[in-house]
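This report refers to the structure that appears directly beneath it.
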Amino acid sequence: MDMGNIVQNIYNPYKIERKWQSIWRKSKLFSPDLNSASKPFYNLMMFPYPSAEGLHVGNMYAFTGSDIYGRMKRMQGKDVFEPIGLDGFGIHSENYAIKVNRNPKEQAKISQKNFYRQLEATGNAYDWERTLQTYDPDYYKWTQWIFTQLFKAGLAYRKKSPVNFCPSCKTVLADEQVVNRQPETRNQKPETNIGVCERCQTPVEKRELEQWFFKITKYADRLLKGLEKIDWSERVKIAQKNWIGKKEGIEIGYEVAGGPPKARLAKGGRLQVVCWTSRPETNFGATFVVLAPEHPQVLEITKPEHKKEVEKYIKASQNKSNEDRLTEGREKTGAFTGSYALNNLTGEKMPIWVSDFVLVEFGTGAVVGVPGHDRRDFEFAKKFKLPIKQVIAKPPQGWNSIDTSGLNAAYEGGGKIVNSGPWNGWRTPQDLGKVIDWLEAKGMGKRKATYHLRDWLISRQRYWGPPIPMVYCQTCASKGISWFSSNKRAESHHREISNFLFDSKLAQSEQYQISNKSKKIGNSEWNSAGWFPVGKEDLPVLLPDVKDWKPRGGARGPLAHVESFVKVACPKCGAAARRETDVSDTFLDSAWYFLGYLALGHQKSNLRPELRSREVKNQKYNSKVKNELEIINYLPKADHPLEGKLEIPWDREVTRRWLPVDMYIGGAEHSVLHLLYTRFLTMVFKDLGLTRFEEPFTKFRAHGLLVSKGAKMSKSKGNIVNPDDYIEKYGADTLRCYLMFCGRYQQGGDFRDEGIEGMSRFLKRVWRIANIVGRLSGHQEIRLSGNKKPDGPTTRQPESLTIMHQTIKQVTEDIESLDYNTAISALMIWLRALEKKTVDGNENKSVNRELITINELETFLKLLAPFAPFICEELWQRVHSRQFTVNSHKEAVNGQLKTNDWSVHFQPWPKFDSKLAKTEEIQLVIQVNGKVRDTLSAIRGISQNEAEKSALASEKVQAHIGNKKYKTIFVKDKILNFVLK
RNA sequence: GGCCUGGUGGUGAAACCGGUAUACACGUCAGACUUAAAAUCUGAUGGCUGAAUAAGCCGUGUGGGUUCGAAUCCCACCCAGGCCACCA
């Protein structure tokens, strides 16, 4: 044995992984031609946000799982596009920058380098020609442009909204930065109901700020309906459904009696308060009405002598921090307005109260109190000594008895309706529809659905994000001039687009009614006077370099203090105006990145040489349009309304070819926000004629959570796993396989150090067996024999063939269903069987070359390739006697060699024959009374008679049957059960 | 409080449509190789009773139910993790 061979035969993951990273990258192996791919397959994974020192092993877990799927699809003949980028704009990255006390822009450069280095080391088949970073001006130019499009379409508006404020950090916090207070000791549970700052644990306060919102509520019904058509993890669909939270109910108007004399306005000349309820069948039990403190009618309704108290209450609830609420517990508070609402059913007067347990955003912001049958109403009634009536009888004891005296809790369940005039004897919830019909028929109320979904708050009082591209001009505002009114055509076009948005199916829907209603009741009838979007020619609004970039107290972000940024001439009148200084939510960046990959890539021209020529034609989209109205002029009347007329960030042909995304994989923690926002934006794009599909992701799968030592990874627990360490020690292939082996991918797994050694051994064994077969057999020879004498059934089906087909079957099906752990286990079993074919696993002894065929070895490498791409590529070359180095294979690197000629990752995926995957011999289980007593080796397809005959011959079986009578249950090829009588 | 996951050996976990529970891996024990150790390879490994590689019983969070047969289906409950929460 010469020394060269020895050196060559040591598995050195570090060396071969570096080598193939370089060759793959230089040969642009995984950069498909977006323009001409015939079988496009968009394999997308949620891009990471660089918020810490480097890639988290949880990221690697997620990405590897997605990559394995994409790699199989590629070998199955698809043109797979698997892009990666960084979601590096936004609060996560900024928080990390604060922590390390470095300017986010500088930190982004450092993170970018580090993340991409790590991402490449993981061995994923990324298209490195088309990476994107959300903080690149090239990218956020279009994020801003998208904002202006939504503004022009009437889908962006301003309103006052409470934000979370940390008095200690003196900064505005996003919802996700407000967490439950952590316990002092480990044994305690976290206290719920107390929002604290995630960094300093200080209870947060609420502050009112005027901010930008997107009208996602307008799309609530479509977002709900769309779920039926898409192939997503069921749990994610349920989460979205719950988040949208559609509930059927009824709106009932109550006439206000005894209000202040001035307040007799409203439509019918009378003042009404409108309440929404999902349980109108309890309405005979209504004894009071409660308005939210922010309800617009509160002061109107309040009698003069109660004004002081009510005003005081409103003010107090506005200033209420979460800590105040804690000290008060959940005890109800409130103030009486002095007015009464007339209960249409009973004719009784119900006092109208104000209380902060009623939310202004939900329903109509007013609640009719039914203390007998609602927990909160009950608490409220007890506190303020309001009457409690029972109108639902609790079955079965209470069917006929009505007793409210000893009532110490509200009964919220169903039962017979009592004490309710014409409804007596009806049942709830069965007769709910009947009740609503009755109320509608009498004109007392109107069916209406209500939603949990709120409009999307876009504004962030932060530095590290895309400045919201809007300008506010006080001069224009004072004259009542807005963007909509300033352009002669704008208003009508605005109306046109609104009409379009609603007319197309939406106008008839109840959602349209809802949003119209909320316009009136909420304060979303906003005054757009003075607001102008920045024109496309002036985009991007660059994020200025700011020395003092850290968030500070108060209502404004750091940009508000940069005079050179704020000052701008009004685009309408030229007067001194100011820019919007908030930046947009990071979820806006990530809501269109799947389009961004396809879009921004073709602005670069460093594609594989054979692709370059095709690229030129796609540069034409740059034609200038000097039209403020842009899209509005090009509503989808024609087939290609935008063709050549409007600069949009993506190529229509390319997007049509590749979208929607074929497979999207990511964490379940994004079940609602990211995935819902992305769906929303996609629908808007479609409505604006920018794209042609309604749903962005045809198929989505949520992976599970990777924990470490049974607990979620966190610094405080000291169980964080850094992928770098493991890649260095074992190689990326081993880590990839081990991560996938930890448990079922869609359910998560537990990473334990001890286990990885086993995976390392497995790959070493693969390495050894491939090298033994390759070296001792002689490559040419083996290749020929593989081609000339393919495995196939001769007279008897060899066992080796069965296990190969079984393995192919299992691995193929397991990858398809993302059960990677069992796929790897199948490969381990097969490897063990292959090793048995060698005289001895020890390579010093000879190998029986007759027994392991080249077909088996090749098939094995192909099946393993998605999991362990580096080692399989290396072994593939060795088996085909190629000494592949970066320098020696210029043909491949220069793209002269076809990818499927040399790379294992472009080889056709092995096919299995279901017949061959079954053994001829089966083990038939013999049971007596359902208990296993023996097993029987039999030929597949054995008849019941034969089986019974053989089974009865068994002593073990006889011992249990004896002379007793029995009947039998026979499940073919599985079970024979003797049931004794 | 609501919703979603899950609960199987010493450990991570398998088990298709209800059909041999514990595949695969870790760990442990024993053996081979070695002067020795490491590495590697081979074998054993749910619990109890048993000398046993005989036989039997018990066993998938708990208690019931359906069934010839239940980790799997149904009902009630307990526990853990995640998300949301005064949503009428």
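Looking at heavy-atom distances under 4.0 Å, Asp750(A) makes contact with sugar-phosphate atoms alone, never a base. At the heavy-atom level, Gln927(A) lies under 4.0 Å from base atoms of the strands shown. Here Val925(A) lies in heavy-atom contact (under 4.0 Å) with a base. Using a 4.0 Å heavy-atom cutoff across all strands shown, Ile829(A) reaches sugar-phosphate atoms only and no base atom. If you check every strand for non-hydrogen atoms under 4.0 Å, Lys764(A) touches nothing. Among the atoms of the strands shown, none is found under 4.0 Å from any heavy atom of Val368(A).
Separation of the P atoms belonging to rC79(B) and rC29(B) is 38 Å when rounded to the nearest angstrom.
In the set rC68(B), rU20(B), rA14(B), the nucleotide with an atom closest to the side chain of Thr822(A) is rA14(B). Counting only heavy atoms from C-beta on, Arg933(A) has its side chain closest to rG56(B) among rA25(B), rG56(B), rC16(B). Distance from the side chain of Arg454(A) is smallest to rC87(B) among rC41(B), rC87(B), rU20(B).
Between Asn821(A) and rA14(B) there is a side-chain N or O to OP1 or OP2 distance below 4.0 Å.
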Reading RNA chain B 5' to 3', what string of ( ), [ ], | and . shows its pairs, if Watson-Crick and G-U wobble pairs count only when both distances fall under 3.5 Å? (((((((..(((......[....)))((((((.......))))))((((.....))))..(((((..]....))))))))))))....
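Between Gln747(A) atom CD and rA13(B) atom C1' the separation is 11 Å, expressed in whole Å. Here rG69(B) presents its C1' atom at 13 Å from CG of Leu976(A), a figure rounded to the nearest Å. Between His670(A) atom NE2 and rC4(B) atom P the separation is 22 Å, expressed in whole Å.
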In B/S/- notation (B base, S sugar-phosphate only, - none; protein heavy atoms under 4.0 Å), nucleotides 42-50 of chain B written 5' to 3' is S--------
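Using a 4.5 Å heavy-atom cutoff, the side chains of Leu291(A) and Val358(A) are not in contact.
Inspection of the Glu251(A) and Thr364(A) side chains reveals no N or O donor paired with an N or O acceptor under 3.5 Å. Using modelled atom types and a 3.5 Å distance limit, the side chains of Ser671(A) and Gln240(A) yield no donor-acceptor pair.
In the interface, the side chain of Lys332(A) is paired with the base of rC86(B) through a donor and an acceptor atom under 3.5 Å apart.
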Would you list the protein and nucleotides 53-55 of chain B atom pairs, both N or O, that sit under 3.5 Å from each other?
none

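Of the options Phe378(A), Phe380(A), Tyr254(A), a ring-ring contact (aromatic ring centres under 6.0 Å, His included) to Phe288(A) is made by Phe380(A) and by none of the others.
A parallel orientation is assigned to the rings of Tyr730(A) and Tyr726(A), their planes being inclined by less than 30° (bins at 30° and 60°).
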